[in-house]
Colleague: 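Dropping the structure in here first, questions after.
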Amino acid sequence: MAALQKLFQYAFGAALAAILLLMCAHSGVMAALAAVVLMVFLSRWETPHFAVWLFCASFASRAIMAACVAAPVTSDFALMLASAREWAQGSTAFASQAYYQLWPYQLPFTWVEMLLVRICDSESFLQLVNCVVMAGSNALVYLTARETATPRAARMAALLYLIYPSALCLAPVLTNQHFGAFFLLAAMWVFLARRLEPWGIWRYALAGVLAALGNLMRPEAVILLTALGAYTLFMAVREKNVKALGKWAARFLVLLLGFACVMAGANAAVRTAGLHADGLRNQNPLWKFVLGLNVETGGQYSVQDAADMLRVYMQDGAGEALDTYEKRVIAERLGMPAGEWRHLLREKVKTMWVKSALSWGIGHFREGGTLHLLWGGKVHGATVYAWMEEADFGVRAVMTLLAFWGTFMGARRKRTEMEHAVRAYAAPFVVFASFCAFLLVEVQGRYAYMPHLFMAVCAAAGVDMLAKKSCRREEKTE
């Protein structure tokens, strides 16, 4: 009888499993929820080498995506890759192009690509390097979350990011965001890591160096530095004495010193190499605001704005005439009616935080592309894209809800828990600073890449809060 009962249980389980698999194949949201449930069970796995296993799993998943998806090299990425190949051949003529003359801060990433091209001039090799860096970022999500949450919550947050489709689909895209986000998250971890306390003041100098390296790859360090400045202020105020204020101020100043030294060295190197007379200084700082205030494009890139800007640049160069033109455009757009402001801000928030960034990796699928499976066979691209969009929304919704819950409930912690609460606010500061910054400047779906790494760290606090609430309810029930 017992054997018959077990047989029935297995048969019933197999039937339900078949139903669930078909539901997941039919709906990306269902697949996302199933994956999240699986991650909950996997997060129970306690091992001292979890970060290593996570790195390997993250690398493998992204490498498979890069191998399966033949993403075309487009936009700025194509120009930088062509420039890197030219540089690898010994020519720096590319630096005279309008792109590098207006935005010379793109030179460091082009230099990195040049070094990689010298090793192996293959897009597949560059994508493989992307996968390594992305896997490192995923591991850093876990390590950073460990500083602000329990080990299991940190594992859950890292596993959640592991299956995040928008991040997965950027693996074949040759963007500078992979390197930039990795170094910025590494800077945050070094700044918070308790295991590095024996390093003393030098850990903060290292954090500054890492932040500068991230800024050289992609100029987003101002967001991290603002967040760490706010964190430093909160920690100093919490201790309520002048000595503590001086201690935290010294730490932050050392971080800024490390940052400034690296940036100064990079600027000097660019000038010495004759690539740009003004080093890495942005020659068109108002451009992002011109795009970000364009209500017709929802704050995204505008072909018409680009044509108008380049016309002025070709006539008068980068200087007072270009600044005057862009200031006039910005002033006109700032005076838009309240209804247009509401529409613009709503569209910008949706682009950055609600919609997916899948189009950069698999956007060509929507036009009838095909996904070639490693084990053979093909899947129609439009079907895959729709399914991935649903799955992406599901994972993003879970991550955002957990981040919201952790931040909201963290504000209600008892006074005795405030040190932990303030530490947990380091990552939310980055997300909030990003949210505010992109209300004014240009937005694209992929620009959320760096903030979403920190959002995943925030999600760990939400997992902790839910676990504590569940434990309290069980205690009351007993």
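Here, residue 1 is the first one in the sequence, and each next residue gets the next number. For the numbers below, each heavy atom of this structure counts, side chains included, while hydrogens, waters and symmetry mates do not.
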Colleague: Does a side-chain heavy-atom distance below 4.5 Å link Met388 with Tyr385?
Modeller: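 No, their side chains stay 4.5 Å or more apart.
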
Colleague: With no hydrogens and no angle check, is any side-chain donor or acceptor of Asn215 less than 3.5 Å from a backbone partner on Ala221?
Modeller: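 Yes, the answer is positive, given that a donor and an acceptor are paired below the 3.5 Å cut-off.
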
Colleague: Just checking Phe432: does its CZ atom have more than 12 heavy atoms from other residues, nucleotides or ligands closer to it than 6.0 angstrom?
Modeller: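 No, because the 6.0 Å sphere around CZ of Phe432 holds 12 heavy atoms or fewer from other groups.
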
Colleague: Less than 3.5 Å apart, any donor N or O on the side chain of Tyr100 or Gln97 sitting next to an acceptor on the other?
Modeller: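 The criterion, which ignores hydrogens and geometry beyond distance, is not satisfied for Gln97 and Tyr100.
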
Colleague: In terms of side-chain heavy atoms, does Asn176 have a donor or acceptor partner in Glu113 at a distance below 3.5 Å?
Modeller: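 Checked: Asn176/Glu113 side chains show no N/O donor-acceptor pair below 3.5 Å.
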
Colleague: What heavy-atom pair brings Asn294 and Asp305 nearest, and what distance separates the two atoms?
Modeller: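 Here Asn294 and Asp305 meet closest at ND2-OD2, 2.9 Å.
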
Colleague: In chain order, what residues pass the side-chain hydrogen bond (donor to acceptor under 3.5 Å, both in side chains) check against Glu123, with sequence neighbours excluded?
Modeller: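 None.
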
Colleague: Flag the pair Met450 / Ile223 as yes when at least one side-chain heavy-atom distance between them is below 4.5 Å, and no otherwise.
Modeller: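 Side chain of Met450 against side chain of Ile223, heavy atoms only: contact under 4.5 Å found.
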
Colleague: Using the six-membered ring of Trp248, assess whether NZ or CZ of Arg251 lies under 6.0 Å from its centre and within 45 degrees of the ring axis.
Modeller: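 Yes, a cation-pi geometry.
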
Colleague: Under 3.5 Å, side chain of Gln177 to main-chain N/O of Arg218, donor-acceptor pair present?
Modeller: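 Looks like no, no N/O pair under 3.5 Å.
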
Colleague: Check step by step if side chain to side chain contact (heavy atoms under 4.5 Å, CB included) holds for Phe191 and Thr232.
Modeller: CA-CA 10 Å; Phe191 193 87; Thr232 299; 3.7 Å; yes

Colleague: Quick one: CG on Asn267 to CG on Leu280, what's the gap to the nearest 0.5 Å?
Modeller: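 Going from the CG atom of Asn267 to the CG atom of Leu280 covers 4.5 Å.
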
Colleague: Between Tyr99 and Phe94 (judged by ring centroids, cut-off 6.0 Å), do the two rings come close enough to count as a pair?
Modeller: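 No.
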
Colleague: Mark yes when over 12 heavy atoms from residues, nucleotides or ligands other than Glu296 sit less than 6.0 Å from its CD; otherwise mark no.
Modeller: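 Atom CD in Glu296 is not crowded, with 12 or fewer foreign heavy atoms closer than 6.0 Å.
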
Colleague: Would you indicate whether the side-chain heavy atoms of Trp87 and Val117 approach each other to under 4.5 Å?
Modeller: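 Not touching, per the 4.5 Å side-chain cut-off.
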
Colleague: Measure the CG-CD distance between Leu224 and Glu220 for me, rounded to the nearest 0.5 Å.
Modeller: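 So the CG of Leu224 and the CD of Glu220 are separated by 10.5 Å.
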
Colleague: Report the distance from atom CG of Asn138 to atom CG of Leu54, rounding to the nearest 0.5 Å.
Modeller: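 Output value for this atom pair is 4.5 Å.
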
Colleague: Looking only at heavy atoms, what is the nearest atom pair of Met309 and Glu326, with distance?
Modeller: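 Smallest interatomic distance, heavy atoms only, reads CG-OE2, 3.4 Å.
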
Colleague: Could you check if a side-chain atom of Val398 sits within less than 4.5 angstrom of a side-chain atom of Leu402, using non-hydrogen atoms only?
Modeller: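 Yes, their side chains come closer than 4.5 Å.
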
Colleague: Using a 4.5 Å cut-off on heavy atoms from C-beta on, say whether the side chain of Phe438 contacts that of Lys348.
Modeller: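 Of all side-chain heavy-atom pairs linking Phe438 with Lys348, none is under 4.5 Å.
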
Colleague: Looking only at the aromatic ring of each residue, does the gap between the centers of Phe252 and Tyr231 stay below 6.0 angstrom?
Modeller: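 Distance test on ring centres: not under 6.0 Å, no.
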
Colleague: Hey, is CD on Glu320 packed in by over 12 heavy atoms from elsewhere, all under 6.0 Å?
Modeller: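 Counting neighbours around CD of Glu320, 12 or fewer heavy atoms of other residues, nucleotides or ligands fall under 6.0 Å, so no.
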
Colleague: As an exercise, state the distance from CZ of Arg85 to CZ of Arg118, rounded to the nearest 0.5 Å.
Modeller: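 Reported value, rounded in 0.5 Å steps: 14.5 Å.
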
Colleague: Taking atom CD of Gln444 and atom OG of Ser359, what is their separation to the nearest 0.5 Å?
Modeller: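 If we round to the nearest 0.5 Å, Gln444:CD and Ser359:OG are 8.5 Å apart.
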
Colleague: Would Gln304 and Ser302 count as a side-chain hydrogen bond (donor to acceptor under 3.5 Å, both in side chains) if you check the C-alpha gap in whole Å, the side-chain angles of each, and the deciding distance to 0.1 Å?
Modeller: CA-CA 5 Å; Gln304 185 59 54; Ser302 165; over 6 Å; no

Colleague: Indicate the atoms forming the closest heavy-atom contact of Ala459 with Met399, along with that distance.
Modeller: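 Answer, listing the atom of Ala459 first, then Met399: CB-O, 3.9 Å.
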
Colleague: Got a donor-acceptor contact below 3.5 angstrom from the Gln101 side chain to the Ala95 backbone?
Modeller: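 A pair under 3.5 Å: yes.
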
Colleague: Could you walk me through whether Arg62 and Ser58 satisfy the side-chain hydrogen bond (donor to acceptor under 3.5 Å, both in side chains) test, starting with their C-alpha distance in whole Å, then the side-chain angles of each, then the deciding distance to 0.1 Å, before giving a yes or no?
Modeller: CA-CA 6 Å; Arg62 282 145 178 78; Ser58 185; 3.3 Å; yes

Colleague: What I'd like to find out is whether the side chain of Phe55 reaches to under 4.5 Å of the side chain of Tyr142, using heavy atoms alone.
Modeller: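 Of all side-chain heavy-atom pairs linking Tyr142 with Phe55, none is under 4.5 Å.
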
Colleague: Assign the ring pair Phe435 / Trp353 to parallel, tilted or perpendicular, where the plane angle (0 to 90°) is split at 30° and 60°.
Modeller: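 Plane angle between 30° and 60°, so tilted.
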
Colleague: Minimum heavy-atom separation for Val295 to Leu344, with atom names?
Modeller: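 Heavy atoms only, the tightest pair is CA-CD1, 3.9 Å.
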
Colleague: Looking only at heavy atoms, what is the nearest atom pair of Leu170 and Met134, with distance?
Modeller: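 Leu170 and Met134 have their closest heavy atoms at C-CE, 4.2 Å.
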
Colleague: Below 4.5 Å, heavy atoms only, C-beta onward: do Leu225 and Leu255 meet side chain to side chain?
Modeller: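 They are in contact (side-chain heavy atoms under 4.5 Å apart), so the answer is yes.
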
Colleague: Report yes if some heavy atom in the side chain of Val69 is under 4.5 Å from a heavy atom in the side chain of Cys169; otherwise report no.
Modeller: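 Val69 does not reach Cys169 side chain to side chain.
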
Colleague: Before you tell me yes or no, could you show the steps for Leu293 and Trp341 under side chain to side chain contact (heavy atoms under 4.5 Å, CB included), namely the whole-Å CA-CA distance, both residues' side-chain angles and the distance that decides it to 0.1 Å?
Modeller: CA-CA 9 Å; Leu293 295 172; Trp341 266 110; 3.6 Å; yes

Colleague: Answer yes or no: does atom CD of Gln89 have more than 12 heavy-atom neighbours from other residues, nucleotides or ligands under 6.0 Å?
Modeller: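 At most 12 heavy atoms, drawn from other residues, nucleotides or ligands, come within 6.0 Å of this atom.
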
Colleague: Under 3.5 Å, is there a donor-acceptor pair between the Ser137 and Tyr161 side chains?
Modeller: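 Short answer, no.
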
Colleague: Calculate, to the nearest 0.5 Å, the distance between atoms CG and CE belonging to Leu322 and Met314 respectively.
Modeller: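 These two atoms lie 11.5 Å from each other.
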
Colleague: Any idea which heavy atoms bring Trp189 and Glu147 closest together, and the distance?
Modeller: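 So the two residues come closest at NE1-OE2, 3.9 Å.
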
Colleague: Give a yes or no answer on whether the side chain of Thr297 reaches the backbone of Gln300 with a donor-acceptor pair at less than 3.5 Å.
Modeller: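 Pair found, side chain donor or acceptor close to backbone of Gln300.
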
Colleague: Is the distance between the ring centroids of His178 and Tyr449 under 6.0 Å?
Modeller: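 Yes, the ring of His178 comes within the 6.0 Å limit of the ring of Tyr449, centre to centre.
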
Colleague: Check for a donor-acceptor pair, side chain of Arg203 on one end and backbone N or O of Val190 on the other, with a separation under 3.5 Å.
Modeller: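 The answer is yes, because a donor-acceptor pair under 3.5 Å joins these two groups.
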
Colleague: Take Val430 and Leu228, measure what side chain to side chain contact (heavy atoms under 4.5 Å, CB included) needs, and give me the verdict at the end.
Modeller: CA-CA 8 Å; Val430 176; Leu228 290 180; over 6 Å; no

Colleague: Using the test side-chain hydrogen bond (donor to acceptor under 3.5 Å, both in side chains), find all partners of Arg396 that sit at least two apart in sequence or belong to another chain.
Modeller: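 Partners of Arg396 under the side-chain hydrogen bond (donor to acceptor under 3.5 Å, both in side chains) test: Tyr164, Ser166, Asp392.
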
